[in-house]
Amino acid sequence: MIRLVPDQSQQIRRAAEVEFTFDGMPVRAHVGDTIAVALMRAGHLHLRDAPQDDAPRGAFCCMGLCQECVVRIDGGLVESCCEAVRDGLVVQSLKVSAP
Amino acid sequence: MTESYDIAVIGAGPAGANAALSAAKHGFRVLLLDEQPAPGGQVWRAKSAAILSAPATPESRAGKALRAAVRDSDVHHQGNTRVWQIERQSAGWDVHTLTDGQTAKVMAKALILSPGAREFVQPIPGWTTPGVIGLAGATALFKRDLLLPGNRTVVSGTGPLVFFVASEIRRLGGQVAAVVTPNTRRDWLGVLPAMRGRPDLLARGALWVADLMLAGVPLLWGHSVTAAQGQGSVSGVSVRKLDRNWEPIGGERGIEADSLCLGHGLIPNVEAAQLAGLPLHLRPELGGWVPEVGADGRTQIDNLFLCGDGAGIRGAAAAEIQGKMAGLNAARHLGADTAGAIAELQQSYARAARFGLAMTKLSQPRSGLSSLTTPDTVVCRCESLKQSDILAEVASGAGSTNAVKSGLRAGMGPCGGKYCQTAIARMIAAAHDRPEGDIPPPTPRPPLRPVPASALAGDFDYNDLPIPKPAPL
Ligand SMILES: Cc1cc2nc3c(=O)[nH]c(=O)nc-3n(C[C@H](O)[C@H](O)[C@H](O)COP(=O)(O)OP(=O)(O)OC[C@H]3O[C@@H](n4cnc5c(N)ncnc54)[C@H](O)[C@@H]3O)c2cc1C
Ligand code: FES
């Protein structure tokens, strides 16, 4: 079929892969990815539970404004859409059920 | 030690970066600050380090040229830096910054604000479901990460952005389930005359639409997504037809999708201008509340300049030219002879602004837009406050955004009200039967950008990010 906008997905070269964990599950990422991007690619969209109603939330603005993507690393809270992954990083969600 | 500059520029998008470059050419010491790692702003955002190479786009080319120009200039660019407070002093401005967890203060004789815009999303049922992202926010994923929001995405919103986003999803190999836009083909015909000045952009837009049509993607003109379904992630969306005032009419139909990009135009970031003391005026045709500023970037404060989308949504081309004028005016304030150069830019600015304003007009909210928000819809995401919670507060007497904010903490959460204030102001206006111009945004308070409380005291700890704690088990 004729495409006026070509599919260029095969022409993208990404950096080497690393692995980190999200609530104990292994997730692969490219060096330089933000945590939110790596999680989104792996299908982990639900990052925390909302105050009051515990409803699931995930990255929304993708640029460090809304604070919906906050996760825990090294005991502290970070905006996962702004924080780069590192090999072996241990990322925890802010889900009520988080391990 | 506090560093000192002739000129500090907040925001390194097309406006701010060009302001900095123009002023530095006249020999001034210029500091260019942005929270992003590299210059480019929203429209020309740089790729992340995870992308080694990728096909060029008009945006990536323009961004690359801008970054090279800044690199080859005497401008001191400092990325990864959030400006959280500005203060006027007798000799100029104090600018408070946060870089890698370290706070600092810089001084400048003149200050240029070029903070750009953020997006407005009218709250709809389900818009807090993971997998729903902002329409403009999606462009950040495409430009920085070359990542798709999902496998099958509904793209919904106003203006040209909806077609750009749909087209980028196709370029990156994704599937667009449908394009849903409140605008009609008639709306677009209405802005065609203003688009004639930019045949390049007109042709690009026409190509996006033609490609979507060839691919058989449903284009729902005069429609809106009215709800997103799904628990932990999106399973589908509902759409309805809208009348001329964007009031939903007719039955609901469902579209299967695992992701939704949703947005209803852009709002100027006015908080820094408010903190600096500039009055605001409601100008819906410019995207909402805008600070008082001249076309050439001068303000009523002689050492304060404002340019780009933060002065009203006129688009990237206008931002670039207004940025140059603001930079030249700052240089002029400090003694350079730039009057002639400024005058030469006026005409091209007017032409670029004409195009940008026509695009903004497509997103100008109509009366029915607010009715997409139902009583049970979460309006303030940070505090999970529903429309009914806010209306109850308004009914009990809260007649201003400040009153709702202090009564309910709506807009006091970690996002600082960036995603709810506009919708709340319209709710107050409607409930009290007052014009929207009577309900200005709340009094601004630092931080301008999310900053951990302890960083303000100098001792930074991520634990102190003002995030509401999840409820205990
Ligand atoms: C999310 C988003 C995506 C967009 N995508 C497109 C697009 O694809 N095509 C298009 O034509 N238009 C797009 N626009 C419209 C865009 O606003 C303009 O076309 C153009 O980018 C305006 O240039 P500017 O220099 O005025 O502002 P911007 O490009 O927005 O630049 C402002 C910069 O200021 C920085 N900033 C703001 N406040 C602070 C602070 N307190 N501390 C530190 N840094 C700060 C921001 O990080 C940003 O880089 C988009 C707008 C948004 C909000
Ligand atoms: S997604 Fe909004 S702050 Fe990260």
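Letters go in sequence order (proteins before strands), and every chain restarts at 1. Just so you know, these numbers come straight off a predicted model, no measurement behind them.
Among A:R14, A:M63, A:M40, the residue with the largest count of heavy-atom pairs under 4.5 Å with chain B is A:R14. For the set A:D33, A:V31, A:L65, the count of heavy-atom pairs under 4.5 angstrom toward chain B peaks at A:L65. Ranked by heavy-atom pairs shorter than 4.5 Å toward chain A, the options B:V234, B:L146, B:L262 are led by B:L146. Per-residue counts of heavy-atom pairs under 4.5 Å with chain B were compared for A:C61, A:C62, A:S9, A:A84; the largest is that of A:C62.
Annotation: the span from A:R28 atom CZ to A:R41 atom CZ amounts to 11.5 Å, rounded to 0.5 Å. Expressed to the nearest 0.5 Å, how far CG of B:L141 lies from SG of B:C261 amounts to 8.0 Å. Rounding to the nearest 0.5 Å places SG of A:C81 at 9.5 Å from CG of B:D145.
A:C82 touches chain B through its side chain: at least one heavy atom from C-beta onward sits under 4.5 Å away, while N, CA, C and O do not. Heavy-atom distances place no part of A:Q10 under 4.5 Å from chain B, backbone and side chain included. For B:A210, the parts lying under 4.5 angstrom from a heavy atom of chain A are both the backbone and the side chain. For B:Q42, the part sitting under 4.5 Å from any heavy atom of chain A is the side chain, from C-beta outward, and nothing else. With a threshold of 4.5 angstrom between heavy atoms, A:A59 approaches chain B through N, CA, C or O but not through any side-chain atom. Proximity to chain B involves both the backbone and the side chain of A:V37, based on heavy atoms less than 4.5 angstrom apart.
Pairing each heavy atom of A:V96 with each of A:D49, the nearest pair is N-OD2, 2.6 Å.
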query: When you look at B:K386 and A:D53, which way does the salt bridge (charged side-chain N to carboxylate O under 4.0 Å, His left out) test go after all the steps?
result: CA-CA 11 Å; B:K386 299 189 172 120; A:D53 59 2; 5.4 Å; no
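When ring centroids are compared, B:F164 and B:F142 stay outside the 6.0 Å threshold.
Within 6.0 Å of the CE atom in B:M213, the count of heavy atoms belonging to other residues, nucleotides or ligands does not exceed 12.
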